Amino acid sequence: MAIIQEISEYLQKGRAKNVKALVQQALDEGIDPKEILNKGLLNGMMIIGGKFKRNEIFVPEVLVAARAMNAGITILKPKLVEVGNEPIGRVVIGTVEGDLHDIGKNLVGMMLQGAGFEVIDLGVDVKPEVFIEKAEDENADIICMSALLTTTMTNMQNVIDMLKDQNLRNKYIIMVGGAPVNESFAQEIGADYYTPDAASAAETAKDAVLK
Ligand code: B1M
């Protein structure tokens, strides 16, 4: 579909305004929001990721592409998120300390909202004590942590260790994810669940609280 391809291409060029307009146009044309997300926005960001890895582009280009991605997601959000009246649970979510990547975390937050959770987004570069303070203040059921760097994923462990030190570990369901994270790492650090993408994170969270 031409418009989906255009969304991917404008995202790669970092043209946030065009991405926004095209995402709106695609929605108006009745294209499935998930297709716009997966084949347009995420496809564009995957291509950017490959170029970044091969040193064909650098941080500024990636940053503008990420802004365009977030602009597109903002338009899609109301379509992907249909919130019911009573939340099925409360989630605090953030990207771990030292890590500024927020696109995946934002998607997970959106899907959780769509699944009926109240989502408290702590943002990026979240210190372990902030995850815990906010989870306590907000009476959360789940703590969700995202990491995109091999150097920051280890900070997930700090949150779990701090919870254990404060005898709070069993009070919360801990979910982790992000590109470098996998099942065995999640088990190693003592998290409850690892999920590879935003949709499965929402499903798993729902199963976990309704269990
Ligand atoms: Co960065 N970066 N980056 N970057 N960046 C990566 C992650 C990298 C793999 C690129 C590469 O070299 N190929 C590499 C990491 C290498 C490594 O650690 N092994 C990297 C690097 C090195 C860096 C810097 C160090 C670069 C530098 O400064 N020299 C720097 C670090 C800054 C910091 O965080 N301290 C940096 C900076 C940046 C930008 C700021 C320019 C920008 C981020 C902008 C933003 O987020 N607002 C950026 C971007 C955009 C990327 C890539 C290109 C794309 C990431 C992304 O948004 N993907 C990335 C390359 C790549 O991933 N291929 C890269 C789309 C997003 C939807 O996917 O976040 O994986 P993702 O989320 C997925 C799943 O992982 C999952 O759900 C989502 C899909 O549904 N998921 C969860 C995520 N969190 C979850 C939580 C869950 C469950 C599932 O449960 C709680």
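Numbers for residues simply follow the sequence, beginning at 1. Numbering of ligands and ligand atoms starts at 1, following listing order. None of the values given here were measured: they were computed from a predicted structure.
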Heavy-atom nearest neighbour in the protein, as seen from [atom], with distance rounded to 0.1 Å:
| atom | answer |
| --- | --- |
| atom 63 (N) of ligand 1 | Gly49 CA, 3.9 Å |
| atom 56 (C) of ligand 1 | Met45 CG, 4.0 Å |
| atom 40 (C) of ligand 1 | Leu63 CD1, 3.6 Å |
| atom 12 (O) of ligand 1 | Lys53 CA, 4.2 Å |

Path from Val124 to Ile120 over hydrophobic side-chain contacts below 4.5 Å: no
Given a cut-off of 2.8 Å, the protein N, O or S atoms lying below it from atom 1 (Co) of ligand 1 are His101 NE2
Do any N or O atoms from the side chain of Arg67 and from the backbone of Asn70 form a donor-acceptor pair under 3.5 angstrom? no
With rounding to the nearest 0.5 angstrom, report the CZ to CZ distance, Phe58 to Phe52. 9.0 Å
Separation between NZ of Lys79 and CD1 of Ile36, rounded to the nearest 0.5 Å: 9.5 Å
Which ligand 1 atoms does Gly98 reach within 4.0 Å, using its non-hydrogen atoms? 33 (C), 34 (O), 35 (N)
Leu42 heavy atoms within 4.0 Å reach ligand 1 at atoms 67 (C)
Determine whether the side chains of Thr152 and Asn155 contain a donor N or O and an acceptor N or O closer than 3.5 Å. no
Do Thr95 and Asp102 have side-chain N/O donor and acceptor atoms under 3.5 Å apart? no
Proximity flag Pro180 to ligand 1, non-hydrogen atoms under 4.0 Å: no
Candidate with minimal heavy-atom separation from atom 46 (O) of ligand 1, of Asp197, Ile93, Asp102: Asp102
Ranking Gly104, Gly177, Pro196 by closest non-hydrogen atom to atom 76 (C) of ligand 1, top hit is Pro196
Verify the contact flag for atom 9 (C) of ligand 1, where contact means a protein heavy atom under 4.0 Å away. no
